[in-house]
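Ligands are counted one by one from 1 in listed order, and the atoms in each one are counted from 1 as well. When a residue number appears, it is its place in the shown sequence, counting from 1. Not measured: the values here are computed from a predicted model.
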Amino acid sequence: MPEDQENGGFDVLIVGAGFAGLYALHRLRDQMGLSVRVIERAADVGGVWYWNRYPGARCDIDSYHYCYSFSDELEQSWSWSERFARQPEILRYLEHVADRFALRPDIQFNTAVVGADWDETAREWRVRTDRGERLSARYLVSAVGCLSEANIPDFEGLNEYAGRTWFTGRWPHDGVDFRGQRVGVIGTGATGLQIIPHLARQAAQLYVFQRTPTYAAPLGNYPLDEQANSALKADYPGMRQREWSSFAGVPFDNWQPSALAVPEAEREARYQQAWQKGGFELWLGSYMDILFDETANRTAADFVRRQIRARVNDPDVAETLCPQDYPYGTKRQPLEDGYFETYNRDNVTLVDLRRSPLRRFVASGIRTDDRLYVLDAVVFATGFDAFTGSLFRMDIRGRDGLRLEDAWAEGPRTLLGMATRGFPNLFIVTGPQSPSVLFNMPRSIEHDVDWIADCIGWMGRQGLDRIEPREQAQTEWVRHTDEVAHQTLMPTADSWYLGSNIPGKPRVCLVYLGGGPAFHQHCRDQAAGGYAGFETSARRTTPA
Ligand code: NA7
């Protein structure tokens, strides 16, 4: 790196070295020849896969979908050992990518961004780090991910608790030994369901504190041998095409329009088939109208409840595990591997916080309305301040010192999830109001990074140095994302998709629910139309 870039003068600063930051660095540096630096809080690459090292952590989109597609050589160089790779394997993959494309020299690790100010005069972002450095760049690209800001609820008395506490998203590198211990776990979302069977096998006694039961479906994992990998590798070009053209970026062959349009026996057989296949087949590959229509949805919800009851021995416990008060698939679909059978073990107790709410922590454990649970350790699987938490933490200030947190006080306002008015030359990879987590995440990331890179390239070719969304185009996008969300059942449940897991956070849908292909078309239209939804300008205009 040339010396004059040590403290600034970068073309692009990227924050985050997970899936998004790594690809953005490669795309902007190696394919466009820009000067780029990545700032990363962790000691190495990986993003969420660096931090989420808890036992049971794995992806729940098939590994061969959940990886980059931008390089044939990369695809052919990597074999996956399981349908759904575990966290260590995904992290090894990202390390392999970093090595293969020589990315680490341009990543500054162990460094957090603590401030980012737009300098209108210089038309640059001025970024401060927790190491006291100041860096500047023409463009700032957030690749901080949707789910990186921990949500540990402000439980009364937590600081009095004398036992050990762990948050799943900050798991120690050398693991935690729970043998012989009385362990409590709070949270039964996707993370809780992954870790709970592992905790149950280790702990002397496990108490699962459940506030909301979950419509979990089976993971359906299996090993992938050499032959399976060869077949997948031979099919990558076709598979990628099918991913791009599918609603959620993961192709399902038999997604039918309506659960209500078929006889009950046929519907039941389709649900059974989806259940056996595992993954998101039931959610996003069986019947479309379960996402939109309450009656259709009830057929899927009833089906899942029947599966839960069949797997849990104690009928009271089974009933407590059956969701009743929100539609199927409106909270993120968790996938499980032996989760429900965990409650058939003698050392596992399900604590229903609906029946007896969690009052407070005390020195020895957790007190609910009806009793005290004495605990040696508590695991928080309580999720994240999704989408906005990690952005706000960087204290981003745009035009006239406007704080992003203030600009979004009523909820995020973006154009295509990637840019926001008042914050020129700031791009967000998989930001709020983009399909992000409801499209295959690596595809979402590649799409957004490519779009951002193309836009930056276009700006350069046009001699422009400043871009921000127009008010009207942004308002229209916000309205459109809201309208699409309200055509679905999603807004009827409390979930992190709506920000409702964080007290005080505005309740708005944070994900574009129109599907990947529709979103990508909107993005293509913007680019093809000369970015008409954006205001662009050049500091120095050439005299006539
Ligand atoms: P989630 O899906 O937000 O789940 C968090 C869980 O923690 C959920 O069961 C919550 O219950 C529970 N929770 C949160 N706050 C409390 C309090 N105060 N008391 C009791 N229980 C609480 O996070 P995950 O980490 O599981 O998953 C996040 C995503 O990461 C996942 O969807 C994948 O995309 C990867 P609630 O439902 O709010 O009643």
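- Ion pairing of Arg359 with Glu156 is absent here, as no side-chain N (NZ or NE/NH1/NH2) approaches a carboxylate O to less than 4.0 Å.
- Using a 4.0 Å cut-off between charged side-chain N and carboxylate O, Arg242 and Asp253 make no salt bridge.
- Under 4.0 Å from ligand 1, the heavy atoms of Leu147 that appear belong solely to its side chain.
- With salt bridges taken as basic N to acidic carboxylate O contacts below 4.0 Å, one links Asp325 and Arg354.
- Using a cut-off of 4.0 Å between Lys/Arg side-chain N and Asp/Glu carboxylate O, Arg164 and Asp376 are scored as not salt-bridged.
- When each atom of ligand 1 is checked for a heavy atom of Arg332 under 4.0 Å away, the hits are 32 (O), 33 (C), 34 (O).
- Arg240 and Glu446 are not joined by a salt bridge, as no carboxylate oxygen comes within less than 4.0 angstrom of a charged side-chain nitrogen.
- Residue-ligand proximity, Thr191 to ligand 1, at heavy-atom distances under 4.0 Å covers atoms 24 (P), 25 (O), 26 (O), 27 (O).
- Salt-bridge formation is not detected for the pair Asp369/Arg355: no Lys NZ or Arg NE/NH1/NH2 atom is positioned less than 4.0 Å from an Asp or Glu carboxylate oxygen.
- At a 4.0 Å heavy-atom cut-off, ligand 1 touches Pro153 through the side chain alone.
- Ion pair Asp177/Arg179 flagged as a salt bridge, since at least one NZ, NE, NH1 or NH2 atom sits closer than 4.0 Å to an Asp/Glu carboxylate oxygen.
- Ligand 1 has no N or O atom lying under 3.5 Å from any N or O atom of Ile186, backbone or side chain.
- Contact annotation for Phe209 and ligand 1: no heavy atom of the residue comes within less than 4.0 Å of the ligand.
- Considering backbone and side-chain N/O atoms, Asn151 never comes within less than 3.5 Å of an N/O atom of ligand 1.
- Residue Phe380 places no heavy atom under 4.0 Å from ligand 1.
- Of the candidates Gly169, Ser500, Ala381, Pro503, it is Ala381 that places a heavy atom closest to atom 5 (C) of ligand 1.
- Although no hydrogens or angles enter the test, the distance criterion places a donor-acceptor pair under 3.5 Å between the side chain of Gln307 and the main chain of Phe303.
- When heavy-atom distances to ligand 1 are checked against a 4.0 Å cut-off, Lys331 comes that close only through its side chain, counted from C-beta outward.
- In this structure, Val437 has no heavy atom closer than 4.0 Å to ligand 1.
- Between Asn501 and ligand 1, not a single N/O pair is under 3.5 Å apart.
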